[in-house]
Amino acid sequence: MPVTIRNATAREIPLLVEMMGEFYAESGYALDETWAKAAFAALLGDESYGAAWIVGRDGEPAGYVVLTLRFSMEQGGLEGCIDDLFVRPDARRRGLGRILLETLLAECKRRRVLAVLVEVGRDNAAAQALYESCGLHPRDDDRQTFVMRC
């Protein structure tokens, strides 16, 4: 099983949006493709926003991961967010999620990111196990996240 991983480029936005649609569909979310294309174009057009990678298996795209960055006063520097990590169902349980995550974490180290966070569904035991095996752990405080779309 030859595995490849590469930095995503602007020419791969249609593929990234396709996989993002698959990812969203698994959770029952609709994807606005126009919005997703614009979001990937912004991310891939300015490395200060983060990066994305595509993993391939046997010459076929099998998944992707997105790193986004922000300055955090709490951390006193850069904080990374694993914004998306998706492996297509027929390619799961083969270590590809770990390859994507390790690639992202190596980039965080290179960029001197001080903390990495990720949102995980409470019932997604496989993702929780992957993240914990790579050193990410649930917050141990009582914080809630509030969101407002602007």
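One finds no salt bridge joining R88 and E60 here, because no Lys/Arg side-chain nitrogen approaches an Asp/Glu carboxylate oxygen to under 4.0 Å.
No side-chain heavy atom of V116 sits less than 4.5 Å from a side-chain heavy atom of L67. No side-chain heavy atom of V120 sits less than 4.5 Å from a side-chain heavy atom of L136. Within the 4.5 Å cutoff, the side chain of V113 has no heavy atoms near those of the Q75 side chain. Taking 4.5 Å as the limit, every side-chain heavy atom of K37 sits out of range of all side-chain heavy atoms of T34. With a 4.5 Å cut-off on side-chain heavy atoms, L78 and S72 do not count as touching.
Of all heavy-atom pairs spanning A62 and M19, the tightest one is C-SD, 4.3 Å. Looking at every heavy atom in both residues, I54 comes nearest to P61 through CG2-CB, 4.3 Å. Between A36 and L31, the shortest heavy-atom contact is CB-CD1, 3.9 Å. Summarising the geometry of R111 relative to G50, their closest heavy-atom pair is NH2-O, 3.5 Å, with the distance given to 0.1 Å. Taking every heavy atom of both residues into account, C134 and R98 meet most closely at SG-NH1, 3.2 Å. R11 approaches P14 most closely through the heavy-atom pair O-CD, 3.6 Å.
Residues L100 and L130 fall within the same hydrophobic cluster, defined by Ile, Leu, Val, Met, Phe, Trp and Tyr side chains chained together at heavy-atom separations under 4.5 Å.
Within the 3.5 Å criterion, the main-chain N or O of R122 finds a donor-acceptor partner in the side chain of Q128. The closest donor-acceptor contact from the side chain of R110 to the backbone of C108 lies at 3.5 Å or more, if one exists at all.
In this structure, CD1 in I99 is found 14.0 Å from CG in L104, a value given to the nearest 0.5 Å. With values rounded to the nearest 0.5 angstrom, L15 atom CG is found 13.0 Å from M20 atom CE. D46 contributes atom CG, which lies 10.0 Å from atom CG of L69 (distance to the nearest 0.5 angstrom).
Just one residue in the list V55, L16, I5, V87 forms a side chain to side chain contact (heavy atoms under 4.5 Å, CB included) with Y64, and that residue is L16.
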Requested in this report: Walk me through it: do F40 and V66 pass the test side chain to side chain contact (heavy atoms under 4.5 Å, CB included)?
Outcome: CA-CA 9 Å; F40 275 118; V66 173; 3.8 Å; yes
Q: Walk me through it: do I82 and V65 pass the test side chain to side chain contact (heavy atoms under 4.5 Å, CB included)?
A: CA-CA 7 Å; I82 303 165; V65 67; 4.0 Å; yes
